[in-house]
Amino acid sequence: MDKIMTQFETVKYLDLVPNLEDAQEFVGGYVETIRVPNGDTLLVNEDAGLMRTFSVNHEATAYIHDKTDWGMLLLGNVMLLPKSLNQKEW
């Protein structure tokens with residue numbers, strides 16, 4: 001089975017914060033939020049670890065290793081909602 005290329009996208013403006021449907025389309029399924037201790041939020045596919053079509057997202061994994069000591073691998077597309085957006089939707 002072919003692996004799907006991954007994206008790590010940072011939302012830079014409040015008016016670009018996705019709604020649920022857009023976030024689901026980006027991550028390729030149901031959305032899970034990961035709250036980073038620095039206040040940022042990551043949107044990931046909640047089933048990515050169970051689906052073998054998702055590749056390791058090296059950029060997002062490097063980000064989470066830099067910000068935490070969790071040691072997790074992030075798979076598939078990941079969207080970063082920085083704390084600086086001060087948004088409440090997620």
Under 3.5 Å, is there a donor-acceptor pair between the Asn38 and Asp40 side chains? yes

Are side-chain heavy atoms of Leu85 and Val11 found at a separation under 4.5 Å? yes

To the nearest 0.5 Å, what is the distance between CZ on Phe54 and OG1 on Thr6? 10.5 Å

With clusters defined by side-chain heavy atoms of hydrophobic residues (ILVMFWY) lying less than 4.5 Å apart, directly or transitively, does Val31 cluster with Val78? no

For Glu46, does the CD atom sit with more than 12 other heavy atoms under 6.0 Å from it, leaving out its own atoms? yes

Quick one: does Met79's side chain get under 4.5 Å of Pro18's, heavy atoms only? yes

Report yes if some heavy atom in the side chain of Ile64 is under 4.5 Å from a heavy atom in the side chain of Met72; otherwise report no. yes

Does the side chain of Leu42 reach to within under 4.5 Å of the side chain of Phe8, using non-hydrogen atoms? yes

Result for side chain to side chain contact (heavy atoms under 4.5 Å, CB included) between Leu43 and one of Ile34, Asn77, Val17, Thr33 points to Thr33

Student check: side-chain heavy atoms of Asn57 and Glu59 closer than 4.5 Å: yes

What are the two closest non-hydrogen atoms of Leu74 and Ala60, and how far apart are they? CD1-O, 3.6 Å

Are Leu14 and Leu20 linked, directly or through other ILVMFWY residues, by side chains that come within less than 4.5 angstrom of each other? yes

Roughly how far apart are Asp47 CG and Leu75 CG, rounded to 0.5 Å? 11.5 Å

Taking the side chain as every heavy atom from C-beta outward, state whether Pro82 and Thr10 have any atom pair closer than 4.5 Å. yes

Minimal heavy-atom distance between Val36 and Trp70, with the atoms involved, is CA-CH2, 4.1 Å

Taking the side chain as every heavy atom from C-beta outward, state whether Phe26 and Gln7 have any pair of such atoms under 4.5 Å apart. yes

Could you tell me whether the side chain of Thr61 reaches within less than 4.5 Å of the side chain of Val56, counting heavy atoms only? yes

